[in-house]
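All heavy atoms count here, side chains included; hydrogens, waters and symmetry mates do not.
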Amino acid sequence: MKNYFLLAVIMITTCLMPVKAQRHELGISLGEANVIGDIGRSDYIQLFPMNTSSVPISIGLLYRLNVNNRQSLRFNLIYNKIYFNDDYASEDYRYKRGVSDNNTIIEASAMFEYYFFNINDIKRSGSSPYIFGGVAAYTYEDRAYTINHELINNRTPITPEDFSTDVSYKKSTQFDFSIPFGVGYKIKMKYNWLLGFEVGARYTFQDNLDYSAIPTDKFTINKNSVLDDPIYDKEITKRNAEIIGKNQTGNTYKSNDWYMVFGINITYTFGRPPCYCY
């Protein structure tokens, strides 16, 4: 009895030692990324780039810890370059608006994967569809704008054509969280190499990945002292409203942005196989 008890303790301890009793995967991911927001196309999966000068890309590193033959924990670090352009939107109001831009999203995520067939055990080949979900932290580019009204002609009386309006912005990096989830299909080849095809969505908690919801307090307005005359207030107010409005085209219901990441991942697996002690 003592020997059986000792054997059970050894088996359980082995299953609880992830470094020695789990199988690991290291690899890279390659694909595309796009944002679902208030600027540009609203397709969830955009397989083809809009033009050769704005090719979206998603590239990253990944590590998997295979808990057993159907479950894995995955950690990602991904660089995403996204583009959005109203010229390619199917909605008429977006097409007429004609706004375009780009953003950079760098994501670190931790996710749980579940495979429908045994794929993580030792065998030469195999395949399985899978689902995944988890949490992610990411950075993205934000902007603060400065509106400068300057005097052009120093004459009296001054007309609206005698002063100009210039708009500039400064970039800043913001931090936020998202909820990643999706589906994929994994293929094992020659024991140690695996190829995955994957489509994943990221739900975010803000509405400004496409710069369509810049807060009003991020606009600094400067003007020449000569323009303090009340006769110019109406024209200056109109210009400010047009500039701010152009950067606040987001959905009035404050629907949050999504971004999609899809493509392939290639991994190499090594280490002892997962423990099947239940």
| message | Would you say CZ of Phe116 has more than 12 non-hydrogen atoms from neighbouring residues, nucleotides or ligands within 6.0 angstrom? | response | yes
| More than 12 heavy atoms of other residues, nucleotides or ligands under 6.0 Å from OH of Tyr95: is that the case? | no
| Taking the six-membered ring for Trp, are Tyr169 and Tyr145 parallel (under 30°), tilted (30 to 60°) or perpendicular (over 60°)? | tilted
| message | Does the plane of the ring in Phe163 sit parallel, tilted or perpendicular to the ring in His149? Use 30° and 60° as the thresholds. | response | perpendicular
In chain order, what residues pass the salt bridge (Lys or Arg N to Asp or Glu O under 4.0 Å) check against [X], with sequence neighbours excluded?
X: Lys190; result: none
X: Glu91; result: none
X: Asp217; result: none

Side chain to side chain, [X] and [Y], heavy atoms closer than 4.5 Å:
X: Asn103; Y: Tyr211; result: yes
X: Gln206; Y: Tyr140; result: yes
X: Ile147; Y: Arg239; result: no
X: Ser212; Y: Ile39; result: yes
X: Tyr268; Y: Asn192; result: yes

Can a donor-acceptor pair be found between the side chains of [X] and [Y] at a distance below 3.5 Å?
X: Arg64; Y: Asn66; result: no
X: Thr104; Y: Lys81; result: yes
X: Asn118; Y: Asn69; result: yes

| remark: Across all chains, not counting sequence neighbours, the ring pair (Phe, Tyr, Trp, His ring centres under 6.0 Å) partners of Tyr130 are Tyr115
| Got a sec, which residues hit ring pair (Phe, Tyr, Trp, His ring centres under 6.0 Å) with Phe75, two or more places apart in sequence or on another chain? | none
| field | Geometric cation-pi criterion, Arg202 with Tyr138: 6.0 Å, 45° | value | no
| note | Exactly one candidate in Asp210, Asp86, Asn85 meets side chain to side chain contact (heavy atoms under 4.5 Å, CB included) with Ser100; the answer is Asn85
| task | Examine distances only and state if a side-chain atom of Thr267 and a backbone atom of Gly27 form a donor-acceptor pair shorter than 3.5 Å. | result | no
| said: Between Asn224 and Glu150 (side chain of the first, backbone of the second, donor and acceptor by atom type, cut-off under 3.5 Å), is there such a pair? | reply: no
Quick one: closest heavy-atom pair of [X] and [Y], and the distance?
X: Asn120; Y: Glu25; answer: OD1-OE2, 4.0 Å
X: Glu107; Y: Ala136; answer: CG-CB, 3.9 Å
X: Ala108; Y: Leu77; answer: CB-CD1, 4.3 Å
X: Ser255; Y: Asp207; answer: O-OD1, 2.9 Å

| Which one of Asp257, Asn256, Asn247, Asp142 satisfies the side-chain hydrogen bond (donor to acceptor under 3.5 Å, both in side chains) criterion with Asn208? | Asp142
| said: Assess whether a salt bridge exists between Lys246 and Glu242, defined as any Lys/Arg side-chain N lying under 4.0 Å from an Asp/Glu carboxylate O. | reply: no
| said: Check this for me: does any side-chain nitrogen of one of Arg143 and Glu141 sit under 4.0 Å from a carboxylate oxygen of the other? | reply: yes
| message | For Phe197 together with Tyr185, are the ring centres under 6.0 Å from each other? | response | no
Hey, can you pull the donor-acceptor pairs under 3.5 Å for the side chains in residues 171-181, sequence neighbours left out?
residue: Ser172; atom: OG; partner: Gln174; partner atom: NE2; Å: 3.3

